[in-house]
Amino acid sequence: MSAEPRINDRIRVPEVRLVGPSGEQVGIVPLAKALELAQEYDLDLVEVAANARPPVCKLMDYGKFKYESAMKAREARKNQAHTVIKEMKLRPKIDPHDYDTKKGHVVRFLKQGDKVKITIMFRGREQSRPELGFRLLQRLASDVEDLGFIESNPKQDGRNMIMVLGPHKKKTEAMAEAREAQAARKADAKANPGRSQNSAGGEEHSEEAPAEAPAEANAEA
């Protein structure tokens, strides 16, 4: 069955409860009268409550209504937040540099409003020292406490120990802030085109640095 409402001549009832173009209640009128008023206003007669007795119809520009509804639905989809769980894997005896790198990824994920599953992987004799993994997870949670909280406490899962961090910031808020920051950068570039050109000129004379390979979020430390 079509989800489209019946309009104009497709409405097949003897009378309707009519709503005017500004939302005013006209009352119960014969269908012929409602169609006549629609023609006078150069609008459509749209059935908005087919199950009512009698059905409720409204005078409106149906083409404009459909367009505005599509735009609202598109905007709603654009702002829709999807919960994402990122994963970060560490070893219990991770070195300081790798720890800082992994922590940087966790910070980025939490700022984006995503959850982060932290997995400590034990090998060999490390399995007899679960306290090492527990302390590492507690340390990481403490280092990022301004951005996230422990949603799922550390627990042993075979050779692994797992903890889940949740962001303080909602996904929708993170998305809105990202859009605002992008808009601000565009506005700044438009307001200061000379500065952008000077920066570009300086880059032309500088030595090209080798591109840094992106860090893998799920890479083993």
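Along the sequence shown, residues carry numbers from 1.
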Using modelled atom types and a 3.5 Å cut-off, is there a donor and acceptor pairing between side-chain atoms of Asp61 and backbone atoms of Lys64? yes
dist Gln127:CD -> Asn160:CG (nearest 0.5 Å) comes out at 9.0 Å
Can any side-chain N or O of Asp95 pair as donor or acceptor with the backbone N or O of His97 at less than 3.5 Å? yes
Taking the side chain from Asp44 and the backbone from Tyr62, do they hold a donor-acceptor pair closer than 3.5 Å? yes
Whether Glu126 and Arg91 form a salt bridge (side-chain N of Lys/Arg under 4.0 Å from carboxylate O of Asp/Glu) is what I want to check. yes
Between Ile11 and Glu47, which heavy-atom pair has the shortest distance, and what is it? CD1-N, 4.1 Å
Which residues satisfy the side chain to side chain donor-acceptor pair (under 3.5 Å) test with Arg129, sequence neighbours excluded? Glu131
Mind checking whether Leu37 and Leu31 sit in one hydrophobic cluster, side chains of I, L, V, M, F, W, Y counted as touching below 4.5 Å? yes
Is there a path of hydrophobic side-chain contacts, each under 4.5 Å between heavy atoms of I, L, V, M, F, W or Y residues, that connects Phe122 with Ile162? no
CE of Met88 to OG1 of Thr119, rounded to nearest 0.5 Å, is 10.0 Å
Under 4.5 Å between any side-chain heavy atoms of Asp9 and Leu45, yes or no? no
CE (Met163) and CD1 (Ile118) are apart, to the nearest 0.5 Å, by 5.5 Å
Heavy-atom count around Phe65 CZ within 6.0 Å, excluding the residue itself: above 12? no
NZ (Lys103) with more than 12 external heavy atoms under 6.0 Å: yes
Inter-residue atom distance Ile7.CD1 - Lys58.NZ, 0.5 Å rounding: 15.0 Å
Quick one: are Pro167 and Leu147 in side-chain contact, heavy atoms under 4.5 Å? no
Between the side chain of His168 and the main-chain N/O of Glu145, is any donor-acceptor distance below 3.5 Å? yes
Set of ring-ring contact (aromatic ring centres under 6.0 Å, His included) partners for Tyr67, sequence neighbours left out: none
Gap separating the CG atom of Leu90 from the CG atom of Leu136, nearest 0.5 angstrom: 5.5 Å
How long is the gap from CZ on Arg108 to CG on Leu110, to the nearest 0.5 Å? 11.0 Å
With hydrophobic residues grouped by side-chain heavy-atom distances under 4.5 Å, do Val56 and Leu35 end up in a single group? no
Does Asp42 offer a backbone N or O that forms a donor-acceptor pair with the side chain of Glu40 under 3.5 Å? no
Kindly say whether Ala34 contributes a backbone atom to a donor-acceptor pair with the side chain of Glu36 at under 3.5 angstrom? no
Search all heavy atoms of Met60 against all heavy atoms of Val46 and return the closest pair with its distance. CG-CG2, 3.5 Å
Tell me if the CD atom of Gln39 is crowded by more than 12 foreign heavy atoms within 6.0 Å. no
